[in-house]
Amino acid sequence: MPELPEVEVLRRSLVPRLPGQRIERVEVYNPKLREPVSAARLDRDCVGRRVLALRRRAKYLLIDLEGDRTLIVHLGMTGRLTLVEAEEVAEPHEHLAFFLDSGQRLRFRDPRRFGMVFSRPTRGLEDGRHFAHLGVEPLGGDFDGQRLKDAAKRRRGPVKTFLMDARVVVGLGNIYVAEALFRAGIHPKRSVARISRRRWELLAGEVRKVLGGAIREGGTTLNDFADGDGQAGYFQVSLWVYGREGESCPRCQTTIRRIVQANRSTFYCPACQH
DNA sequence: CGGGCGGCCTGGAGGC
DNA sequence: TGCCTCCAGGCCGCCC
């Protein structure tokens, strides 16, 4: 579920409640996530430390702690991070929990276990294995059409997989790429070598708009996504093409198609997108 | 070095 | 009702 907007919505939901809290205990019920969870390392890095700040890089939530440590959470496909009372019964697929001095616990649940939870020194985090290769933040000041055009110079292939490549631009997944391409009127199979300067600018603008809109609407909840309070989002009603194969295009009534690119579904309007 | 593909998991939906 | 197949929001590592 979670692409950039969902992680950002989660971050914002936790900002009023998490900073200032001290982690008193970590419990790991099932360490088998995408990368094995080290309970010992989480203990060492987290217990006794206060949360200082919440940041986001790409689709990673970064929880900065005292003493140069950062707790990193990635939701994978079905991950959920919620703040509940400490004594609340464990959910199915609750794989670990951080018990806080407020009497609450920060619970991580993830049925498919594609998520990740780990800790690292805050300093130098961006040079680590998960972060070093990451490209530009699409909502940051240095993202624009020129940036995309420059990145495209060294590459070939369809624009859809280009936008999904985190080395180019981070945070975009299957949903928002489909939506941004639809709004920009660009065919997902169009080669990056054949996109004009003007259209790169248009695309960059639509990427920002669709992500910004999704954040404002609390993210997209298809099945699993919820923020730190367990609240679902409602941007799914604003999706024009994603998941709408066989329905009619909201702009021109042509039937929306689904194709497969790089083993992922792509939804688009064959009349509006060129 | 870039691009394509398989694999990691579970659960829900739909067909028969 | 039950069984089977397909599909799912991400990411990495391996291969060519």
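Everything quoted here is computed from the prediction, not taken from an experiment. A, B, ... follow the sequence lines: proteins, then strands. Residue 1 opens every chain.
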Subject >> Among C/dG10, B/dC5, B/dT10, the one nearest A/Phe114 by side-chain distance >> reply: C/dG10
**OP:** Considering just the side-chain nitrogens and oxygens of A/His93, establish if one lies under 4.0 Å of OP1 or OP2 belonging to B/dT10.
**Re:** no
**OP:** Would you indicate which nucleotide in C/dA8, C/dG10, C/dC12 comes nearest to any side-chain atom of A/Lys59?
**Re:** C/dG10
Original post:
Starting at the 5' end of DNA chain B, which residue's closest nucleotide do you reach first, A/Arg34 or A/Pro111?
Top reply: A/Arg34
Original post:
Where the side chain of A/Met164 is defined as all heavy atoms beyond and including C-beta, which of C/dG10, C/dA8, C/dC12 is the nearest nucleotide?
Top reply: C/dG10
Original post:
If you check every side-chain atom of A/Tyr60, which of B/dT10, B/dC5, C/dC12 has the closest atom?
Top reply: C/dC12
Subject >> Phosphate OP1/OP2 of B/dG12 contacted by A/Asn223 side-chain N/O (<4.0 Å) >> reply: no
**OP:** Check every strand shown and say whether A/Arg113 touches a base, only sugar-phosphate, or nothing at a heavy-atom separation below 4.0 Å.
**Re:** sugar-phosphate
Original post:
Any side-chain N or O of A/Lys32 less than 4.0 Å from the OP1 or OP2 oxygen of B/dC9?
Top reply: no
Subject >> N or O in side chain of A/His133 less than 4.0 angstrom from C/dC12 OP1/OP2 >> reply: yes
Original post:
Could you give the CZ-to-P distance, from A/Arg264 to B/dG6, as a whole number of Å?
Top reply: 14 Å
Subject >> Nearest-nucleotide pick for A/Glu3, side chain only, options being B/dG11, C/dC11, C/dG10 >> reply: C/dG10
Original post:
A/Arg57 and salt bridge (charged side-chain N to carboxylate O under 4.0 Å, His left out): which partner among A/Glu137, A/Glu126, A/Glu8?
Top reply: A/Glu137
**OP:** Evaluate the ring-ring contact (aromatic ring centres under 6.0 Å, His included) criterion for residues A/Trp200 and A/Phe162: first the C-alpha distance (whole Å), next the side-chain angles of each, then the deciding distance (0.1 Å), finally the verdict.
**Re:** CA-CA 12 Å; A/Trp200 281 122; A/Phe162 175 78; 5.5 Å; yes
Original post:
Taking only side-chain nitrogens and oxygens of A/Thr78, does any of them come within less than 4.0 Å of OP1 or OP2 of B/dC9?
Top reply: no
Original post:
OP1, OP2 of C/dC7 versus side-chain N and O of A/Arg258: anything below 4.0 Å?
Top reply: yes
Subject >> Point-to-point distance, once rounded to the nearest 0.5 Å, from CD of A/Glu88 to CZ of A/Arg105 >> reply: 6.5 Å
Original post:
B/dC9 P sits how many Å from A/Glu35 CD, rounded?
Top reply: 13 Å
Subject >> Interatomic distance at P, B/dG6 relative to C/dC6, whole Å >> reply: 14 Å
Subject >> Closest heavy-atom pair and its distance - A/Leu181, A/Pro188 >> reply: CD1-CA, 3.9 Å
Original post:
For the side chain of A/Arg155, counting heavy atoms from C-beta on, which of B/dG3, B/dC9, C/dC11 is nearest?
Top reply: B/dG3
Subject >> ILVMFWY cluster membership beyond A/Ile72 - transitive side-chain contacts under 4.5 angstrom >> reply: A/Tyr60, A/Leu62, A/Met116, A/Phe118, A/Leu125, A/Phe131, A/Leu134, A/Val170
Original post:
Would you say A/Glu66's side chain and A/Arg50's backbone share a donor-acceptor pair under 3.5 angstrom?
Top reply: yes
Subject >> Phosphate OP1/OP2 of B/dC1: any A/Arg167 side-chain N/O under 4.0 Å >> reply: no
Subject >> Residue A/Asn263, side-chain atoms from C-beta onward, closest of C/dC7, C/dG10, B/dC5 >> reply: B/dC5
Original post:
With respect to the side chain of A/His74, which nucleotide from B/dG4, C/dC7, C/dC11 is positioned closest?
Top reply: C/dC11
Original post:
Applying a 3.5 Å limit to both distances, which nucleotide forms a Watson-Crick or G-U wobble pair with B/dC9?
Top reply: none
